[in-house]
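Since this is a predicted model, take the numbers as computed values, not measurements. In listed order, ligands and their atoms are each counted from 1.
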Amino acid sequence: MTFLISSFSKTDRDRSGGLNLKEFSAFLGKVKWWNMSRKTPEQWFKGSDKDSNEVLSKEELADLLGSKAHIDVFFKRADKNSSGDLDQKEVSAFINELIFPSTRAKNIRKTKSKGQN
Ligand SMILES: [Ca+2]
Ligand SMILES: [Ca+2]
């Protein structure tokens, strides 16, 4: 499963959900937290969970991202279990993928090797 950036290097615009490379760059320009990764995903999650029900709605995700642009696309990507809301794990994974797209494979390996000591 490839994520945002790698899929944009293809010219297949029709399957991109309306989000092309140009739009994605513009989106990143608006996303303030892109350059503010000193906050942990947990902190982002709690800061955006306005009603403190421990899941993020689409509106709360838009608040976290600082933009409603393509919010449907991002929400669907983040909502791994299609529950219609985002729990902290889903938000953390989503943020980590956005900020560190290449670390996911490493994380999977780390999880697999756990418990072998
Ligand atoms: Ca909430
Ligand atoms: Ca979910």
> Has V55 got an N/O/S atom less than 3.0 Å from the Ca ion (ligand 1)?
Replying inline: yes
> Quick check: does D87 put an N/O/S atom under 3.0 Å from the Ca ion (ligand 2)?
Replying inline: no
> Within the distance-only criterion (no hydrogens, no angle test), does the side chain of Q88 pair as donor or acceptor with the backbone N or O of E42 below 3.5 angstrom?
Replying inline: no
>> When you compare the side chain of W44 with that of L56, does any pair of heavy atoms fall below 4.5 Å?
In response: no
>> With rounding to the nearest 0.5 angstrom, report the CD to CG distance, E90 to L61.
In response: 10.5 Å
> Does some side-chain heavy atom of L64 sit less than 4.5 Å from a side-chain heavy atom of I95?
Replying inline: yes
>> Among the N/O/S atoms of D85, which is closest to the Ca ion (ligand 2)? Give the atom name.
In response: O
> Where the side chain of D72 meets the backbone of K76, is there a donor-acceptor pair that is under 3.5 Å apart?
Replying inline: no
> Checking only N/O/S atoms, does D49 have one that is under 3.0 Å from the Ca ion (ligand 1)?
Replying inline: yes
> the Ca ion (ligand 1) is nearest to which N, O or S atom of D51?
Replying inline: OD1
> Rounded to 10°, how big is the angle at the Ca ion (ligand 2) from N81 OD1 to D79 OD1?
Replying inline: 80°
>> Using a 3.5 Å distance criterion without hydrogens, assess whether the side chain of D49 forms a donor-acceptor pair with backbone atoms of E54.
In response: yes
>> the Ca ion (ligand 1) and S48: any N/O/S contact shorter than 3.0 Å?
In response: no
> Checking only N/O/S atoms, does S83 have one that is under 3.0 Å from the Ca ion (ligand 2)?
Replying inline: yes
